[in-house]
Asks: 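This is the structure, below, for whatever I ask next.
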2 protein chains.
Amino acid sequence: MPRRQDHTPQELTELAIASVQRHLQQTAASQLSLRKIARDIGYSPGTLINLFGSYSLLLLAVNARTLDDVHQQLQQAIRQSEQQHGSPVQQLEAAANRYCQYASQHPHLWRLLFEHRLADDEPLPTWQAQRIDTLFSLIESRLSALHPAASADQCRTAARVIWSGVHGICSLVLDNKIFLNAGRDNDHLIHSLLSHYLTDWCRT
Amino acid sequence: MPRRQDHTPQELTELAIASVQRHLQQTAASQLSLRKIARDIGYSPGTLINLFGSYSLLLLAVNARTLDDVHQQLQQAIRQSEQQHGSPVQQLEAAANRYCQYASQHPHLWRLLFEHRLADDEPLPTWQAQRIDTLFSLIESRLSALHPAASADQCRTAARVIWSGVHGICSLVLDNKIFLNAGRDNDHLIHSLLSHYLTDWCRT
DNA sequence: ACTCCTTTTTGAACGGTGTTCAATATAGCC
DNA sequence: GGCTATATTGAACACCGTTCAAAAAGGAGT
């Protein structure tokens, strides 16, 4: 029960988050528990609780990391497509494909991002909302480049429509609730969504 | 511990499912438990377990009902639009709006439908897969009516793209992860998705 | 009517969960 | 070197899903 200084609070935070991420590479979040994490990093459950506040807040911290990772992935995909002189549509498609790739490579992390909820009031902390907004503006900027005549509000709407669609495709394919029994469903569906939607959207 | 014949197994099944549905009108599934349901209907947890097999299978039975309800809602929305001489696009939009309406009126039931998973192997019983397929064919039929030249495979793909999009919009709006701070987000986004996508899709 | 068997139902037990909190042993300060 | 503040903990609490032996009632056969 003594004060140990094996790790600073920050190190401990990293340790815990890393442990969750490690577990979620192989097992679903429903199999995870605060006690297992504590056992894994060699501390007691209580220590994690007064570091994060609750198990739920620990998971929220993991989600923040995941969102950062996703943002970085999208940014990278867009930049790569840019360097290969891809059109804005191609850049968007690259981002969308990367998003689905991340989801299928880290299904448990990705699901935690959307299935984890705080209390019933669900006020979603502002720093997390900020992250989501930044992610959307990545898409909006490509839409604006694609169709300069579109207003900022039109881009906002289109970005949300498109990304909801991409997200929906990832969700349903990942859960096997779509049944196309063709390989590489993701890319095919995403291409259809983006090309048809954007072709007509540009006529506005 | 005697054999009671207060209810037949079927009645008991209905009782349990109704209890879950009642709870999910107000509380999230995470707040629910087998013991609470048992207490609610006046039986022991064990009785429910050897009726359904496990808590998870009880929830699956609830999901089957939810899928049936959703199917019925969509069918009704399409029929209503038909009777008002709505175009296939309008029928699809009516179905999509009804879908989102159901989701926002029964958020906990709806989330359970997508967040509940069986064991890790996830083989999703065939009778449940059948239900999903029937639901998709509702959409495919409208697409075929809209664009008779399209092949069955093109309709299959389009139906899945569209419905993934609708589903994604519902998910993100429901979780407040989309931030459009305009009222009635759902309908606006859905209209954008359907009109832009379908306009170009018909040119195929 | 009385047995005997089958079947339904249960309470208790097991190992797990997140969370609380008094007790505690150390690190840092005077 | 002693004092205090604090990080850390183990034990306790109230839950959870699941298992299973025990028990009681229904039905069948005589």
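Throughout, protein chains are lettered first and strands after them, A, B, ... in sequence-line order, and every chain is numbered starting at 1. All values derive from a computational prediction rather than experimental measurement.
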Asks: Taking only residues two or more places apart in sequence, or in another chain, which ones meet B/S81 in a side-chain hydrogen bond (donor to acceptor under 3.5 Å, both in side chains)?
Replies: none

Asks: Check whether the side chains of B/S137 and B/T134 place a donor and an acceptor atom closer than 3.5 Å, and report yes or no.
Replies: no

Asks: Quick check on DNA chain C: between A/L32 and B/G46, whose nearest nucleotide comes earlier from the 5' end?
Replies: B/G46

Asks: Mind checking B/P45 for me? I need base, sugar-phosphate or nothing, with any heavy atom below 4.0 Å counting as a touch.
Replies: base

Asks: Could you tell me how far apart B/L12 (CG) and C/dT9 (P) are, to the nearest whole angstrom?
Replies: 6 Å

Asks: Using only side-chain N and O atoms of A/S44, determine if any of them is under 4.0 Å from OP1 or OP2 of D/dT8.
Replies: no

Asks: NE2 of A/H7 versus P of D/dT6: gap in Å, rounded?
Replies: 22 Å

Asks: Could you tell me the separation between the NZ atom of B/K36 and the C1' atom of D/dG17, rounded to a whole number of Å?
Replies: 14 Å

Asks: Quick one: the side chain of A/R35 and the base of C/dG16, do they pair up donor-acceptor inside 3.5 Å?
Replies: no

Asks: Which residue pairs satisfy the salt bridge (charged side-chain N to carboxylate O under 4.0 Å, His left out) criterion with at least one member in residues 41-69 of chain B, sequence neighbours excluded?
Replies: B/E14-B/R65, B/D68-B/R131

Asks: Taking only side-chain nitrogens and oxygens of A/R39, does any of them come within less than 4.0 Å of OP1 or OP2 of D/dT9?
Replies: no

Asks: Contact class for B/T47 vs. all strands (heavy atom < 4.0 Å): base, sugar-phosphate, or nothing?
Replies: base

Asks: Can you sort out which residues in residues 51-63 of chain B have a heavy atom within less than 4.0 Å of DNA chain D? Ascending by number, please.
Replies: B/S54, B/Y55

Asks: Enumerate, atom names and distances included, each donor-acceptor pair closer than 3.5 Å involving a side-chain atom of residues 162-170 of chain A, sequence neighbours excluded.
Replies:
| residue | atom | partner | partner atom | Å |
| --- | --- | --- | --- | --- |
| A/S164 | OG | A/R160 | O | 2.6 |
| A/H167 | ND1 | A/Y99 | OH | 3.1 |

Asks: Taking only Lys NZ, Arg NE, NH1 and NH2, and the carboxylate oxygens of Asp or Glu, determine whether B/E82 and B/R142 approach each other closer than 4.0 Å.
Replies: yes

Asks: In whole Å, I'd like the distance from the CG atom of B/L34 to the P atom of D/dG17.
Replies: 5 Å

Asks: For A/N50 and C/dT20, what is the distance between atoms CG and P respectively, to the nearest whole Å?
Replies: 11 Å

Asks: State which residues pass ring-ring contact (aromatic ring centres under 6.0 Å, His included) with B/F136; sequence neighbours excluded, sorted by chain then number.
Replies: none

Asks: Using the test ring-ring contact (aromatic ring centres under 6.0 Å, His included), find all partners of B/H147 that sit at least two apart in sequence or belong to another chain.
Replies: B/W201

Asks: Between C/dT20, C/dT17, D/dT18, which one does the side chain of B/I49 approach most closely?
Replies: D/dT18

